[in-house]
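For clarity, every value in this text was computed on a predicted model and none was experimentally measured. These values consider heavy atoms only, across backbone and side chains, with no hydrogens, waters or symmetry-generated copies.
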Amino acid sequence: MIYKAFQDLKLSALGLGCMRLPLKSSSDADIDVEATQKMVDYAMAQGVNYYDTAWGYHDGHSETVIGEALKKHPRESFYLASKFPGYDLANMPKVKEIFPRQLEKCQVEYFDFYLFHNVCEMNINAYLDEKYGIMDYLREQKRNGRIRHLGFSAHGSYDVMKRFLEAYGEEMEFCQIQLNYIDWHFQDAEAKVQLLQEYHLPVWVMEPLRGGKLAALGEKDTAALKMLRPDEDVPAWAFRFLQSIPSVTVILSGMSSFAQLKDNICTFETERPLTRREWEVLLDIAG
């Protein structure tokens, strides 16, 4: 497993995103607990030490299931992240109610990483509105040791991210964005990475495979990549793209099967950033 330095920590470059855990039925709330436990145990054994959940994942059940799955492992052996659910404006006045409940659901006394969830056009005004006291409360939790590192995730535009950073940038330690070789230009991810560099913030990646879209390509594109790296599978190219961006620290993958987990762990046994030519070919494929 590749590890990346973050302050005084060594984080696995691959993190387990807990938004797409295995299911027992078509209901997103019906998590296969046994399969999840098996995946977490295997991930831990293979050196994956970063786990990312959130209040709303799997209709509110992700935190509970991942907390139970991690409970059997020593607390100091993993890093757990969750988020304040500001994607729902009704939650804005409820930070003092929601945060302690999240700790209970995850069966931990602190979060290693905690994020403002989904900073975007819809909620930026509320996130910055002091009447809700969200930043004040999270700042207090950090002082009390119940949050070790504070950051934010963003699906919003460059301008929204900049506005958030102008208000809270000095207190942010990392940022999680949607980043892959399609969104490098399509969603202006390149500019967002540069913005975060200006604030000296490392990048956490979500949607590295763009919801699975980059796990398989057409025959022509697949053949072009095979010419460059015959031994590299198509999904691995998305991860190699991200390994080529120096500020990327943790790459979160929402793995919903044991097979996906094993394949991704194999990819992260080595760091193989792209050459200039490979980078150009991949961006050409992105269109």
Subject >> Residue that, paired with Gln107, satisfies side chain to side chain contact (heavy atoms under 4.5 Å, CB included) out of Glu68, Glu63, Arg75 >> reply: Glu68

Original post:
So, is the end of the Lys83 side chain (NZ or CZ) under 6.0 Å from the ring centre of Tyr114 and within 45° of the ring's axis?
Top reply: no

Subject >> salt_bridge(Arg20, Glu207) N-O dist < 4.0 Å >> reply: yes

Subject >> Donor-acceptor pair between Glu271 and Gln243 side chains, under 3.5 angstrom >> reply: no

Original post:
For Val205 and Ile177, what are the C-alpha separation, side-chain angles and deciding distance, and is it a side chain to side chain contact (heavy atoms under 4.5 Å, CB included)?
Top reply: CA-CA 5 Å; Val205 173; Ile177 61 172; 5.8 Å; no

Subject >> Sidechain N-carboxylate O distance under 4.0 Å for Glu232, Arg272 >> reply: yes

**OP:** Please say whether the positively charged group of Arg146, taken as NZ for Lys or CZ for Arg, lies over the ring of Phe111, i.e. under 6.0 angstrom from the six-membered ring centre and within 45 degrees of the axis.
**Re:** no

Subject >> Steps toward side chain to side chain contact (heavy atoms under 4.5 Å, CB included) verdict (Trp55, Phe84) >> reply: CA-CA 7 Å; Trp55 178 259; Phe84 175 73; over 6 Å; no

Original post:
So which of Thr249, Leu201, Leu150, Leu115 actually passes side chain to side chain contact (heavy atoms under 4.5 Å, CB included) with Phe174?
Top reply: Leu115

**OP:** Locate the shortest heavy-atom distance separating Tyr181 from Leu283; write the atom from each residue and the value.
**Re:** O-CD2, 3.6 Å

Subject >> Tyr79 ring center near Tyr51 ring center (under 6.0 Å) >> reply: no

Original post:
Got Asp52 and Cys18 here, is their nearest side-chain heavy-atom distance under 4.5 Å?
Top reply: no

Subject >> Between Thr53 and Ser82, a side-chain donor and acceptor under 3.5 Å >> reply: no

**OP:** Drop me the distance from Asn123's CG to Asp88's CG, to the nearest 0.5 angstrom.
**Re:** 10.0 Å

**OP:** Nearest 0.5 Å please: distance from the CD1 atom of Ile251 over to the CH2 atom of Trp204.
**Re:** 11.5 Å

**OP:** Go through the side-chain N and O atoms of Arg139 and Asn144 and say whether any donor and acceptor fall under 3.5 Å apart.
**Re:** no

Original post:
Is a salt bridge present between Glu104 and Arg101, judged by a nitrogen-to-oxygen distance below 4.0 Å?
Top reply: yes

**OP:** Identify the heavy atoms of Glu173 and Arg148 that sit nearest to each other, and give their distance.
**Re:** OE2-O, 3.9 Å

Subject >> Derivation and outcome, side chain to side chain contact (heavy atoms under 4.5 Å, CB included), residues Ile245 and Val203 >> reply: CA-CA 9 Å; Ile245 302 170; Val203 175; over 6 Å; no

**OP:** Report yes or no: do Asn118 and Ser153 form a side-chain donor-acceptor pair below 3.5 Å?
**Re:** no

Original post:
For Ala69 and His73, which heavy atoms make the closest approach, and how far apart are they?
Top reply: O-CD2, 3.7 Å

Original post:
Measuring from Lys4:NZ to Leu9:CG, what's the distance to the nearest 0.5 Å?
Top reply: 15.0 Å

**OP:** Go through His117 and Tyr87 one step at a time and tell me if the ring-ring contact (aromatic ring centres under 6.0 Å, His included) criterion holds.
**Re:** CA-CA 7 Å; His117 197 172; Tyr87 53 82; 5.2 Å; yes

Original post:
Less than 6.0 Å separating the ring centroids of Tyr127 and Phe152?
Top reply: no

Subject >> Whether Phe113 and Tyr50 hold their rings parallel, tilted or perpendicular, with breakpoints at 30° and 60° >> reply: tilted

Original post:
Under 3.5 Å, side chain of His61 to main-chain N/O of Asp30, donor-acceptor pair present?
Top reply: no

Original post:
Honestly, is Lys10 close enough over Tyr3, meaning NZ or CZ under 6.0 Å from the six-membered ring centre and within 45° of the axis?
Top reply: yes

Original post:
Looking at Trp184 versus Phe241, is the centre-to-centre ring distance below 6.0 Å?
Top reply: yes

Subject >> Short side-chain donor-acceptor distance under 3.5 Å, Asp41 and Gln37 >> reply: yes

